[in-house]
Amino acid sequence: MKQILLGIGGLLAILLVILLSRTFMYGGQPDSIQQIELPDPPAVSAETAAQHLSEAIQMRTITVAPGDPRPGQEGPWLELHDWLETTYPAFHAAAGKEIVPGGLTLLYTWEGSDPSLKPILLMAHQDVVPVNIGTEGDWDAPPFSGAIQDGYVYGRGAIDDKGSLVGIMEALDALARDGFQPKRTILVQLGHDEEVSGSGAEAGIALLKSRGVEPVMALDEGFMVLEDNPLTGGTLGFIGIAEKGYLTLRVTAKGEGGHSSMPPRDSATVRLSRALIALDEHQMEANLSTPPISDMMQIVSLEMGFTARLAMANQWLLGGVLESQFAATPAGNAMIRTTTAPTMLAGSAKENVLAQRATAIVNFRIHPNNTPEDVIQHVRDVTSDIEGIEVGLLEDGIGSEASPVSAIDNRAYGVLNAVAKDVSGGAAVTPALVLGATDARYASAITQDVYRFMPSIMSLEDSRGFHGTNERLSVENMGRLARGYGQIVLAMDEGD
């Protein structure tokens, strides 16, 4: 017995050594990330940029449904186009401007002097979401006033995405005024309907593809530096290197109808309820071993406690514990798997009539590890033992696959990494997965390297202004955006 106990003790000691050694060797920024020295762009007044953002917010480029703006409703977009030309004359003199056929998306081309260098593509969008009716009074300033108060620009679109749009224009106009002549062609695409379908961006990318354009990188909205991020609690920069796909399914349960006074067991509504519970209890599998989540864990582990680092370094033993920790919060769960969200239910037309067909609309945000076909098969497998269940695509629904995962070992990511560090004052920066959809998803058709980052720093509270009440962007951030985009253009102009 003594020898058995000694053997067990020895094995435990070996296990402890393995766990600790792997933990202490784990973490930090990968050596493959290029270290870039950033050039200084021409100075831009943060106050002037903020005033310009205020003016842009006042043009109500609201989209509600695919196809917006409808014929006769283009006025705010045309006003914005005229305003851009008046406000940024130097850039408009240097670059060619065209309206992408079929919509109001703008495409600018600032020709570079070296045709051997692939262009860069900067993206933003002109449209904004509406303000929920009845909530206007909850704002600290009217949502389309563009009011500047307490160091912030208030209004719908301040963060999403007119701040980026104005920041790009401020940077490029300053470069043009300063006499800058790019070696690498600079493309700027401003989509007109990102909030409803992104058809303008899709058409713009298709136009570039037809011309044989293959950018060295594309950069759109998506992430920023967060001061009090939920992962580490401190300041952390996030650069989106992929984004989730989108799929909506209709799950239908069939059963006998009739009068509610004599209900059968296992009715259509009950079957549908069982199907939804099954989907909730059997989530799609998570995978922590592939980018972006694997790279993120390696980088942020040094910013976290020893226990978290121990689990990240030893997933072979503690992977289940780690997955449970991520899955404990909605944001963490969305990072590691395709999410399942029942959103709409329908059944009988009257309270005393049994439904013959009960339906649920279920929305999935597809992880790069999965395909739409994987999701459909998963739903069918999970509900296969429930009688009368049918699974199909939502009619006229929008959908997209998850984007490819872009590289972090090239100059483009190195530049963005350096800009994020500059914005944050030296905080850690990590690649990340964008949980929503952006126009950037279309850019994968013409370049392998698509990123989602706006050079700004926000609190978690301010970031909640996306599509919410009191959307606002600080005056200081308008200066950061103009400087950051200028740095990106200059640093990418130095070659591959």
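Worth knowing before you read on, the calculation uses all heavy atoms, side chains too, and leaves out hydrogens, waters and symmetry mates.
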For the residue pair [Y] / [X], report whether a side-chain donor-acceptor contact shorter than 3.5 Å exists.
X: Asn363; Y: Thr248; result: yes
X: Glu285; Y: His378; result: no
X: Asn333; Y: Thr339; result: no
X: Asp193; Y: Ser199; result: yes
X: Asp449; Y: Thr447; result: no
X: Thr135; Y: Asn132; result: no
X: Glu243; Y: Thr438; result: yes
X: His81; Y: Gln126; result: yes
X: Asn370; Y: Thr338; result: yes

task = With Met478 as reference, evaluate Leu53, Val44, Thr48 under the side-chain contact (heavy atoms from CB on, under 4.5 Å) test and give the passing residue.
result =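 Only match with Met478 under side-chain contact (heavy atoms from CB on, under 4.5 Å): Leu53.
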
request  = State which residue, out of Val415, Leu416, Asn410, fulfils the side-chain contact (heavy atoms from CB on, under 4.5 Å) condition with Met217.
outcome  =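 When Val415, Leu416, Asn410 are each tested with Met217, the side-chain contact (heavy atoms from CB on, under 4.5 Å) holds only for Leu416.
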
query = Would Glu401 and Arg441 pass as an ion pair if we require N to O under 4.0 Å?
reply =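 The answer is no: the pair does not qualify as a salt bridge.
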
message = I'd like to know if Asp462 pairs up with Arg464 as an ion pair, taking the criterion as any Lys NZ or Arg NE/NH1/NH2 lying under 4.0 Å from an Asp or Glu carboxylate oxygen.
response =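 Looking at Arg464 together with Asp462, the answer is no, because their closest N to O distance does not fall below 4.0 Å.
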
task = Verify the neighbour count for atom CD of Glu476: are there more than 12 heavy atoms of other residues, nucleotides or ligands below 6.0 Å?
result = no

request  = Assess whether atom CD of Glu395 is packed by more than 12 heavy atoms of other residues, nucleotides or ligands within 6.0 Å.
outcome  =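 Yes, enclosed.
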
inquiry  = Is any side-chain heavy atom of Arg472 closer than 4.5 Å to one of Trp139?
reply    =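 No, their side chains stay 4.5 Å or more apart.
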
request  = Using a 4.5 Å cut-off on heavy atoms from C-beta on, say whether the side chain of Pro431 contacts that of Ile299.
outcome  = yes

query = Quick check, are the ring centers of Phe91 and Tyr108 under 6.0 angstrom apart?
reply =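 For Phe91 and Tyr108, the ring centres are under 6.0 Å apart.
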
ask   = So, Glu74 side chain and Gly72 main chain: donor-acceptor pair closer than 3.5 Å or not?
value =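 Confirmed, Glu74 side chain pairs with Gly72 backbone.
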
